[in-house]
Amino acid sequence: MKMKRCEVRLDQIADADNLRAAFLRAARGKGHRGEVIAFRENLVAELAALRAGILAGTVVVGQFTAFTIHEPKERRIHAPCFRERVLHHALIGPCEADFERWLIEDTFACRRGKGREAALRRAEHHAARHGWFLKLDVAKYFDSIPHAVLLGEIARRWRDRRVVALWERIVRCYETAPGRGLPIGALTSQHLANFFLGAADRYVKETLRAPGYARYMDDMALWGGRAELKAAVRGLRIFLAERLGLTLKGNWHLQPVVRGMDFLGYRVFPGGSRLARPSRRRFLRRWVWCERARACGGIGEREAQRRVLALTAFVRVARCERVLQKLFGPPQGGPRTDHGHRAPTASTAVAVGGMTPRIVAPRIATGIRPATATTTSASASPSAHATRPSGSQD
């Protein structure tokens, strides 16, 4: 069957309206930063220079700010400069529909209407219907992606050779080993890395015919019978090595679903999901830090609320997690929401207005206890019990 190729042309990427829209997307939530302010103040000239560089094939790429994060595990992040972020958005905007068309329904990263929660719901669905699971991922995935194989896939799918050349310029500006690696922290890297494993998705569904499957970036989970899943490990190891030049991690897990599967920071069982132990510890540590920082004046009331809203949004995705009830106390009356918590009460509604109800947080399983028994309005906000707001993707 002949593959339908991407018809996006370089002129569309360099179009003035597309570049302006890309600037707005790149600046969203970052308008206070110096490089964004400087770019905005000289917007017409900046976009004109970017357009000229794209069309001439001389646009500057590879200007990163590198830093390390340590949670949930140590990662080296390479954040592109703002001008390059605008370029990435200008490229992804017209091409996103084609990335979407090449992916199957069972992959959830970097896609509108998908995401972490949708992946977890799919995992719960399969865990309730199958007896065994297989959990595996790729060793040092972003660092090990081979440029030649990736660019070969890009060349097969984009018709305009100038667009292929732009992709090549972006891919080859960074490497962790000769001819390998994509920078964690770049928008283009997220989409390319998700797209690159699309061939593995089709191998699992069309060749292995796994009864259940879900993938979030390189985290892959299969469900079915023990024998067929054991054979899937051998097949995937060979496929990834020979077709994509990748190595499967040796610590894959093949177990009955009743034992629970670690997936995306949660633990999935046939009856639902809860936080994985490291995720619960991380949540409690950050929550206690927010309480103490607010109490000593290190952060203000608004910042405390923003941080706690983000923390509780992650927790509320798990259907069977009760850590919020242990921290904030049992919900007082009102109908339950879809996530097992009750709707906001009068006290939490008042908290939004700035009052700070006194709630004693009981000791929890990890032994961490807040330094003060008085919570902020952020801690008592509707985020603890209300339905999770829909997230957005950069």
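For reference, positions follow the sequence shown, starting with 1.
Looking at Asp106 and Val204, their side chains never come closer than 4.5 Å, going by heavy atoms from C-beta outward. In this structure, the side chains of Glu228 and Pro211 come closer than 4.5 Å at one or more pairs of heavy atoms. The shortest distance between side-chain heavy atoms of Leu166 and Val61 does not fall below 4.5 Å. Side-chain contact between Tyr213 and Met220 is present, with at least one heavy-atom pair separated by less than 4.5 Å. In this structure, the side chains of Cys290 and Glu303 stay at 4.5 Å or more apart for every pair of heavy atoms. Side-chain contact between Phe64 and Cys173 is present, with at least one heavy-atom pair separated by less than 4.5 Å.
Applying the side-chain contact (heavy atoms from CB on, under 4.5 Å) criterion to Ala155, with sequence neighbours excluded, gives Arg161, Val164. Contacts of His253 classified as side chain to side chain donor-acceptor pair (under 3.5 Å), with partners at least two apart in sequence or in another chain: none. Shown here are the ring pair (Phe, Tyr, Trp, His ring centres under 6.0 Å) partners of Phe39, two or more places apart in sequence or in another chain: Phe23, Phe82. With sequence neighbours excluded, the residues that form a side-chain contact (heavy atoms from CB on, under 4.5 Å) with Ile92 are Glu96, Phe99, Trp167, Leu187, Thr188, His191. Every residue was checked against the side chain to side chain donor-acceptor pair (under 3.5 Å) condition with Arg209, not counting sequence neighbours, and none meets it. Thr58 is linked by a side chain to side chain donor-acceptor pair (under 3.5 Å) to nothing, counting only residues two or more places apart in sequence or in another chain. Remark: Gln63 pairs with no residue by the side chain to side chain donor-acceptor pair (under 3.5 Å) rule, at least two apart or across chains. Shown here are the salt bridge (charged side-chain N to carboxylate O under 4.0 Å, His left out) partners of Lys230, two or more places apart in sequence or in another chain: there are none.
Trp223 and His130 have their aromatic ring centers separated by at least 6.0 angstrom.
By the 4.0 Å N-to-carboxylate-O rule, Asp98 lies too far from Arg157 to be salt-bridged with it. A salt bridge between Arg20 and Asp17 is absent, with no side-chain N of the basic residue lying under 4.0 Å from a carboxylate O of the acidic one.
The stretch residues 34-47 participates, sequence neighbours left out, in these side-chain hydrogen bond (donor to acceptor under 3.5 Å, both in side chains) pairs: Glu46-Arg83.
Side chain of Gln325 to backbone of Arg322: no donor-acceptor contact under 3.5 angstrom is found. Looking only at distances, no side-chain donor or acceptor of Arg215 sits under 3.5 Å from a matching main-chain atom of Asp201. A donor-acceptor pair under 3.5 Å is absent between the side-chain atoms of Arg159 and the main chain of Arg5, judged by distance alone. A donor-acceptor pair under 3.5 Å is formed between the side chain of Glu84 and the backbone N or O of Gly62. Under the 3.5 Å distance criterion, the side-chain polar atoms of Arg169 are matched with a main-chain donor or acceptor of Gly57. For the pair Arg286 (side chain) and Leu311 (backbone), a donor-acceptor distance under 3.5 Å is absent.
With rounding to the nearest 0.5 Å, the separation of CZ in Arg28 from CG in Leu24 is 8.0 Å. Atom CZ of residue Phe133 and atom CG of residue Leu222 lie 11.5 Å apart, to the nearest 0.5 angstrom. Interatomic distance, Arg101 CZ to Cys95 SG, rounded to the nearest 0.5 Å: 11.0 Å. Atom CZ of Arg9 sits about 10.0 Å away from atom CG of Asp15, to the nearest 0.5 Å. Going from atom CD1 of Ile184 over to atom CG of Asp143 covers 6.0 Å, rounded to the nearest 0.5 Å.
Here Ile299 sits in one hydrophobic cluster together with Trp289; the rule is ILVMFWY side chains under 4.5 Å apart, joined directly or through other members.
Scanning both residues, Ser144 and Val138, for their nearest heavy atoms gives OG-CG1, 4.5 Å. Gly185 and Pro80 get closest at one heavy-atom pair: O-CD, 3.7 Å. Between Cys320 and Gly271, the shortest heavy-atom contact is SG-O, 3.8 Å. When every heavy atom of Leu229 is checked against every heavy atom of Leu134, the shortest pair comes out as O-CD2, 3.5 Å. Summarising the geometry of Ala90 relative to Ala22, their closest heavy-atom pair is N-CB, 3.4 Å, with the distance given to 0.1 Å. Minimum interatomic distance between Arg274 and Ala318 (heavy atoms only, all atoms of both residues): CA-CB, 3.6 Å.
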Q. Passes salt bridge (charged side-chain N to carboxylate O under 4.0 Å, His left out), Glu105 versus Arg122? Steps please.
A. CA-CA 10 Å; Glu105 285 296 312; Arg122 182 66 61 87; 5.2 Å; no
Q: Apply salt bridge (charged side-chain N to carboxylate O under 4.0 Å, His left out) to the pair Asp219 and Lys135, showing each step before the final yes or no.
A: CA-CA 8 Å; Asp219 285 332; Lys135 173 66 171 58; 3.6 Å; yes
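Applying the 6.0 Å contact sphere to CZ of Arg302 captures no more than 12 heavy atoms from other residues, nucleotides or ligands.
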Give the table of side-chain donor-acceptor pairs shorter than 3.5 Å for residues 238-250, with sequence neighbours excluded, one pair per line with atom names and distance.
from: Arg243; atom 1: NH2; to: Glu153; atom 2: OE2; distance (Å): 3.3
from: Lys249; atom 1: NZ; to: Asp137; atom 2: OD2; distance (Å): 3.4

Contacts table for residues 259-270: side-chain donor-acceptor under 3.5 angstrom, sequence neighbours left out:
from: Asp262; atom 1: OD1; to: Arg267; atom 2: NH1; distance (Å): 2.7
from: Asp262; atom 1: OD2; to: Arg267; atom 2: NH1; distance (Å): 3.4
from: Tyr266; atom 1: OH; to: Phe314; atom 2: O; distance (Å): 2.8
from: Arg267; atom 1: NH2; to: Arg259; atom 2: O; distance (Å): 3.0
from: Arg267; atom 1: NH2; to: Gly260; atom 2: O; distance (Å): 3.3

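Linking Ile, Leu, Val, Met, Phe, Trp and Tyr whenever their side-chain heavy atoms come within less than 4.5 Å leaves Val60 and Leu43 in two separate clusters.
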